[in-house]
Amino acid sequence: MNKVHVRSGDTVVVLSGKDKGKQGKVLQVSPKEGKVIVEGLNVVTKHVKPRRQGEQGGIVEAEAAMYASKVQLVCPKCGKATRIAHKILDDGSKVRVCKSCEEEI
């Protein structure tokens with residue numbers, strides 16, 4: 001099983017590619033492929049064929065998947081792009097922690 005360092009709903013910043021430096025919210029994570037879909041980033045045009053009678057076809061813009069290694073989590077507390085540490089609390093639960101400010105994410 002493959003692991004991805006981000007979850008759906010996280011805010012991330014893109015590290016490389018045409019959208020470098022832009023931030024967005026993770027919509028979907030695919031651990032098997034090691035890819036993520038980020039809202040408003042890596043937008044591609046798709047040619048869509050009408051499926052039903054009366055339905056409109058044409059060119060549609062949609063977010064494409066990108067490799068998870070190209071994105072880094074943005075800490076909601078300090079606002080910096082950061083790596084994730086894990087911390088085990090007294091009750092035995094495991095939480096994600098910001099490496100910069102050491103606050104729980």
Side-chain angles (χ1 to χ4, degrees):
M1 190 174 125
N2 300 329
K3 283 197 171 186
V4 180
H5 64 283
V6 291
R7 297 179 185 163
S8 295
D10 285 346
T11 303
V12 293
V13 64
V14 179
L15 301 175
S16 65
K18 64 181 180 183
D19 291 320
K20 182 179 179 177
K22 294 182 184 175
Q23 288 188 8
K25 196 171 103 177
V26 176
L27 298 176
Q28 198 174 4
V29 178
S30 178
K32 197 172 186 178
E33 296 172 322
K35 293 186 175 187
V36 294
I37 296 176
V38 183
E39 185 178 27
L41 302 179
N42 198 24
V43 178
V44 294
T45 54
K46 279 170 66 173
H47 294 266
V48 178
K49 191 174 181 180
R51 294 286 166 206
R52 290 185 214 95
Q53 190 148 7
E55 189 176 294
Q56 189 75 25
I59 300 171
V60 177
E61 290 191 340
E63 292 102 352
M66 66 172 75
Y67 285 106
S69 60
K70 287 182 141 196
V71 298
Q72 192 171 28
L73 186 75
V74 174
C75 176
K77 309 287 190 298
C78 63
K80 293 180 185 173
T82 182
R83 290 178 297 144
I84 301 167
H86 289 90
K87 189 177 181 182
I88 297 170
L89 300 177
D90 296 331
D91 62 347
S93 61
K94 193 175 177 182
V95 293
R96 299 187 302 167
V97 177
C98 171
K99 283 270 196 178
S100 303
C101 64
E102 298 183 3
E103 287 289 324
E104 283 184 29
I105 298 173

Undergrad: Rounded to the nearest 0.5 Å, what separation is found between the NZ atom of Lys70 and the OG atom of Ser16?
TA: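 Atom-to-atom, Lys70:NZ and Ser16:OG are 4.5 Å apart.
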Undergrad: Checking Leu15 against Gln72 for the side chain to side chain contact (heavy atoms under 4.5 Å, CB included) test, could you report, in this order, the C-alpha distance in whole Å, the side-chain angles of both residues, the deciding distance, and whether it holds?
TA: CA-CA 7 Å; Leu15 301 175; Gln72 192 171 28; 3.6 Å; yes
Undergrad: Looking at Lys25, His5, Arg96, which one forms a side chain to side chain contact (heavy atoms under 4.5 Å, CB included) with Asp10?
TA: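 For Asp10, the side chain to side chain contact (heavy atoms under 4.5 Å, CB included) check succeeds only for Arg96.
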Undergrad: Distance check, rounded to the nearest 0.5 Å: Lys87 atom NZ versus Cys98 atom SG?
TA: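 One finds 12.0 Å between NZ of Lys87 and SG of Cys98.
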Undergrad: Verify the neighbour count for atom NZ of Lys80: are there more than 12 heavy atoms of other residues, nucleotides or ligands below 6.0 Å?
TA: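 Open: at most 12 neighbouring heavy atoms sit under 6.0 Å from NZ of Lys80.
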Undergrad: I'd like to know if Val6 and Val13 are part of one continuous hydrophobic network [Ile/Leu/Val/Met/Phe/Trp/Tyr, side-chain heavy atoms within less than 4.5 Å].
TA: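 Different hydrophobic clusters.
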Undergrad: Residues in salt bridge (Lys or Arg N to Asp or Glu O under 4.0 Å) with Arg51, at least two apart?
TA: none
Undergrad: Please report the closest heavy-atom contact between Gly57 and Pro50, naming both atoms and the distance.
TA: CA-CD, 3.7 Å
Undergrad: My understanding is that only residues two or more places apart in sequence, or in another chain, count here; which of them pass salt bridge (Lys or Arg N to Asp or Glu O under 4.0 Å) with Glu55?
TA: Arg52
Undergrad: Hydrophobic clustering (ILVMFWY, side-chain heavy atoms < 4.5 Å, transitive) - are Val4 and Val14 grouped together?
TA: yes
Undergrad: Using the rule that two of Ile, Leu, Val, Met, Phe, Trp, Tyr join whenever any of their side-chain heavy atoms come within less than 4.5 Å, decide whether Leu27 and Leu41 are in one cluster.
TA: no
Undergrad: Enter the distance from His86:NE2 to Ile105:CD1 here, rounded to the nearest 0.5 Å.
TA: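 Here the rounded value is 9.0 Å.
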Undergrad: To the nearest 0.5 angstrom, please state how far the CD atom of Glu103 sits from the SG atom of Cys75.
TA: 7.5 Å
Undergrad: Is the count of non-hydrogen atoms from other residues, nucleotides or ligands lying under 6.0 Å from Asp91 atom CG greater than 12?
TA: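 Result for CG/Asp91: enclosed.
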Undergrad: The test is side chain to side chain contact (heavy atoms under 4.5 Å, CB included); show your working for Thr11 and Gln23 and say whether it passes.
TA: CA-CA 7 Å; Thr11 303; Gln23 288 188 8; 4.0 Å; yes
Undergrad: Could you give me the CA-CA distance, side-chain angles and deciding distance for Val36 and Gln28, then say whether side chain to side chain contact (heavy atoms under 4.5 Å, CB included) is met?
TA: CA-CA 6 Å; Val36 294; Gln28 198 174 4; over 6 Å; no
Undergrad: Looking at every non-hydrogen atom in both residues, tell me the closest pair between Asn2 and Lys32 and how far apart they are.
TA: ND2-O, 3.2 Å
Undergrad: Are Met66 and Val12 connected into the same hydrophobic cluster when the rule is that any two of I, L, V, M, F, W, Y join if their side-chain heavy atoms are below 4.5 Å apart?
TA: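 Yes, one cluster joins them.
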Undergrad: Mind checking what makes salt bridge (Lys or Arg N to Asp or Glu O under 4.0 Å) contact with Lys22, not counting sequence neighbours?
TA: Asp19
Undergrad: One pair to check against side chain to side chain contact (heavy atoms under 4.5 Å, CB included): Ile84 and Thr82. What are the steps and the verdict?
TA: CA-CA 7 Å; Ile84 301 167; Thr82 182; 5.7 Å; no
Undergrad: What's the separation between atom OG1 in Thr45 and atom CD in Glu61, rounded to the nearest 0.5 Å?
TA: 7.0 Å
